[in-house]
Amino acid sequence: MKASTMLKPIVLALFASLIAFSAAAEGPSCSATAAEKKLAGAAKNSFMKKCEKDAQAATCEAQAGEKKLAGAARNSFVKKCVKDAAGA
């Protein structure tokens, strides 16, 4: 294999991880926000679940953008991405 052929997947993976990291670094963490709001018990659990799902949706949207997806293909990709991440 050519070196450029082997390098391309590595560069793409690195780029995707940088985008995911930057999306996570944009604001305070879900835990920090919950603590700031002084949430506890069921309210904290509900907030954390929604916050993490929203954060993953933003990451999945970024990945869909990288793949240059649009319309129904983009919606399907994001929905599956979020569902897969929630199951992990």
Side-chain angles (χ1 to χ4, degrees):
M1 287 182 127
K2 289 176 134 181
S4 63
T5 305
M6 292 176 59
L7 187 60
K8 188 174 181 179
I10 294 169
V11 171
L12 289 175
L14 179 61
F15 183 69
S17 66
L18 288 174
I19 287 179
F21 178 75
S22 68
E26 285 178 2
S29 70
C30 295
S31 297
T33 304
E36 182 180 300
K37 293 182 176 195
K38 298 179 180 164
L39 297 175
K44 182 178 179 181
N45 291 339
S46 177
F47 173 81
M48 292 292 291
K49 186 175 181 179
K50 182 181 182 319
C51 182
E52 289 168 357
K53 185 174 180 180
D54 291 347
Q56 184 59 40
T59 301
C60 292
E61 285 286 344
Q63 290 174 357
E66 289 172 21
K67 295 176 181 260
K68 299 182 188 324
L69 298 175
R74 181 184 190 96
N75 293 340
S76 177
F77 173 82
V78 171
K79 184 176 180 180
K80 183 178 182 325
C81 177
V82 170
K83 183 178 178 183
D84 290 347

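- Scanning both residues, C81 and Q63, for their nearest heavy atoms gives SG-OE1, 3.6 Å.
- Taken from NZ in K80 to SG in C60, the straight-line distance is 10.0 Å, to the nearest 0.5 Å.
- For the side chain to side chain contact (heavy atoms under 4.5 Å, CB included) test, no residue two or more places apart in sequence or in another chain qualifies with S46.
- Evaluation of the salt bridge (charged side-chain N to carboxylate O under 4.0 Å, His left out) test over residues 47-58, restricted to residues two or more places apart or in two chains, returns K50-D54.
- Looking at every heavy atom in both residues, V78 comes nearest to A64 through CG2-CB, 4.0 Å.
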Without placing hydrogens or testing angles, list every side-chain donor-acceptor pair under 3.5 Å for residues 36-43, not counting sequence neighbours.
none

Give the intermediate values and the outcome of side-chain contact (heavy atoms from CB on, under 4.5 Å) for residues M48 and N45.
CA-CA 5 Å; M48 292 292 291; N45 291 339; 5.7 Å; no
